[in-house]
Amino acid sequence: MSEKKTIADTTVLVTGGAGFIGSHTVVKLLESGYTVVVVDDLSNASEKVLDRIDQIVGDEASERLSFYRADVNDRAALEAVFDDCQIDRVIHFAGFKAVGESVQKPIEYYANNLGNTLTLLDVMREHGCKSIIFSSSATVYGDPDALPLTEQSTKKNATNPYGWTKWMIEQILTDVAKADPEWDVVLLRYFNPIGAHPSGLIGEDPKGIPNNLVPYVAQVAVGKRDAVHVFGNDYDTHDGTGVRDYIHVVDLAAGHVAALAWMNGRSGVEIFNLGTGTGSSVLDVIKAFSAACGKELPYVIEPRRAGDVTANYADCTKAREEMGWEAQYDLADMCRDSWNWQSHNPNGYED
Ligand code: UFG
């Protein structure tokens, strides 16, 4: 069982805390009163994120933040962090996340994502810290038999190595908790996180050509790309384009804070979907973003993308009833905040 602690007395290690979801979660944790230790190797994030977090939360809260530039696979570095700081809980975001790249580089993806998790778990155990929230994904549901997806919906085969790493890490954590009842594990299955902090200071900063819809749409809006490529308009959905449950990253971040409060003093494994419960099509997103940026965004219809499912959206009843968490923002809010971030930072964190 995790030791019951007050927020003021709880130190949370956030791996990948300089990344897109990680940075928004760090802001929420600091605003909620937690002490936060970020471990990030900055392989897919900018050091500037840390200054921006300081700006958002202010001096008092930023004193509760410390940063270690390290790869979670680097056992010695991770042990040094656990020796320096009395870590009570861990939120594990660090990992490679590009679906297409994972198909090209399966060895790297399995080695990094599974390897860093195993190193982390072993070092945690060694230091008597057995509470972890894992950043999982709706990708574990594969092509759904029925919608909305509840936490009881069947896990299906993943369609790429990235998805398999999420699937396998869920299994690893479940086995760890089964073997040792002192472990306290929460698996958060995210639907499609988009948006940015309303301040416009932090947001998503993909390297190269964005793989995901909203970062691509945002680059079209800012004039960096010509038109949105819509992958398929012959799906069995209201307008033929793929449907997803887009969730504001600030809501997602709040879901982690709710999970921390919920898990305090518990043990075992629990799974929560984090979505809004509303499905939006690709064309719905383009329309909402066009409204947010004040111009019609051009798009072209392309063939379907391999591995994409027709539709998925979450049933979030469990998160609401158990943790008292519910998404607050709708698609218009998400597009407004994505646009605010993109228009103020057209090159992301680069000057
Ligand atoms: N799409 C386009 N054009 C693009 C990009 C995407 O039409 O340029 C479409 C896709 O076909 C899909 C929808 O937009 O219908 C959303 O695609 P994303 O790539 O934004 O997101 P996915 O649903 O494919 O994947 C996301 C995360 C994964 C995660 C998965 C969980 O990127 O990490 O949700 O369901 F595993």
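In this text the structure is predicted, and so the values were computed from the model without any measurement. As the structure lists them, so they are numbered: ligands from 1, and atoms in each ligand from 1. Values below: all heavy atoms of this structure, side chains included; hydrogens, waters and symmetry mates excluded.
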> For Tyr162 and Glu101, does a side-chain donor sit closer than 3.5 Å to a side-chain acceptor?
Replying inline: no
> Got the closest protein heavy atom to atom 20 (O) of ligand 1, with its distance?
Replying inline: Leu213 N, 2.9 Å
>> If I apply the N/O under 3.5 Å rule, does Tyr190 come out as touching ligand 1?
In response: no
> Considering only heavy atoms of Asn312, which atoms of ligand 1 have at least one such atom less than 4.0 Å away?
Replying inline: 35 (O)
> Sub-3.5 Å donor-acceptor pair from the side chain of Thr154 to the main-chain atoms of Lys156, do we have one?
Replying inline: no
> Between Tyr246 and ligand 1, which part of the residue brings a heavy atom under 4.0 Å of the ligand: side chain, backbone, both or neither?
Replying inline: side chain
> Under 3.5 Å, is there a donor-acceptor pair between the Arg89 and Tyr34 side chains?
Replying inline: no
> Does ligand 1 have a heavy atom under 4.0 Å from the side chain of Asn211, from its backbone, from both, or from neither?
Replying inline: backbone
> What is the nearest protein non-hydrogen atom to atom 10 (C) of ligand 1, stated with its residue, atom name and distance?
Replying inline: Asp308 OD2, 3.4 Å
>> Among all the protein's non-hydrogen atoms, which is closest to atom 27 (C) of ligand 1, and how far away is it?
In response: Asn212 ND2, 4.0 Å
> Thr241 and side-chain contact (heavy atoms from CB on, under 4.5 Å): which partner among Asp284, Leu213, Leu283, Thr310?
Replying inline: Leu283
> Under 4.0 Å from any heavy atom of Thr139, which atoms of ligand 1 are there?
Replying inline: 31 (C), 35 (O), 36 (F)
> So, does Gly163 sit close enough to ligand 1 that a heavy atom of it is under 4.0 Å from the ligand?
Replying inline: no
> Using a heavy-atom cut-off of under 4.0 Å, does the side chain or the backbone of Asn192 touch ligand 1, or both, or neither?
Replying inline: side chain
> Hey, does Arg305 come in under 3.5 Å of ligand 1, counting only N/O atoms on both sides?
Replying inline: yes
>> Among all the protein's non-hydrogen atoms, which is closest to atom 31 (C) of ligand 1, and how far away is it?
In response: Ser137 OG, 3.3 Å
> Does the pair Lys130 and Glu182 meet the rule for a salt bridge (charged side-chain N to carboxylate O under 4.0 Å, His left out), with working shown?
Replying inline: CA-CA 7 Å; Lys130 296 183 177 179; Glu182 287 181 4; 2.9 Å; yes
>> Before you tell me yes or no, could you show the steps for Trp164 and Tyr110 under ring-ring contact (aromatic ring centres under 6.0 Å, His included), namely the whole-Å CA-CA distance, both residues' side-chain angles and the distance that decides it to 0.1 Å?
In response: CA-CA 9 Å; Trp164 277 117; Tyr110 287 117; 8.3 Å; no
> Just checking, is any N or O donor in the side chain of Asp88 or Thr10 under 3.5 Å from an acceptor N or O on the other one?
Replying inline: no
>> Please list the nearest protein heavy atom to atom 9 (C) of ligand 1 with its residue and the distance rounded to 0.1 Å.
In response: Val282 CG2, 3.6 Å
>> Using 0.5 Å steps for rounding, measure from the CG atom of Leu120 to the NE2 atom of His92.
In response: 5.5 Å
> Should you measure from each heavy atom of Gly242, which atoms of ligand 1 turn up under 4.0 Å away?
Replying inline: 15 (O)
>> Tell me whether His229 has any N or O atom under 3.5 angstrom from an N or O of ligand 1.
In response: yes
> Can you list the atoms of ligand 1 that are under 4.0 Å from a heavy atom of Val230?
Replying inline: 7 (O)
> For atom NZ of Lys224, is the number of surrounding heavy atoms from other residues, nucleotides or ligands below 6.0 Å larger than 12?
Replying inline: yes
>> If you measure every N or O of Val99 against every N or O of ligand 1, does any of those distances drop under 3.5 Å?
In response: no
> Does NZ or CZ of Arg244 lie under 6.0 Å from the centre of the six-membered ring of Phe191, at an angle within 45° of the ring axis?
Replying inline: no
>> Judged on heavy-atom distance to atom 2 (C) of ligand 1, which of Phe191, Tyr216, Phe231 sits nearest?
In response: Phe231
>> Between ligand 1 and Tyr162, is the shortest N or O to N or O distance under 3.5 Å?
In response: yes
> How does Arg244 reach ligand 1, by side chain, by backbone, by both or by neither, if only non-hydrogen atoms under 4.0 Å count?
Replying inline: side chain
>> When you measure from the centre of the six-membered ring of Tyr349, is the NZ or CZ of Lys48 closer than 6.0 Å and no more than 45° off the axis?
In response: no
> Do Asn345 and Arg52 meet the criterion of a side-chain donor-acceptor pair at a distance under 3.5 Å?
Replying inline: yes
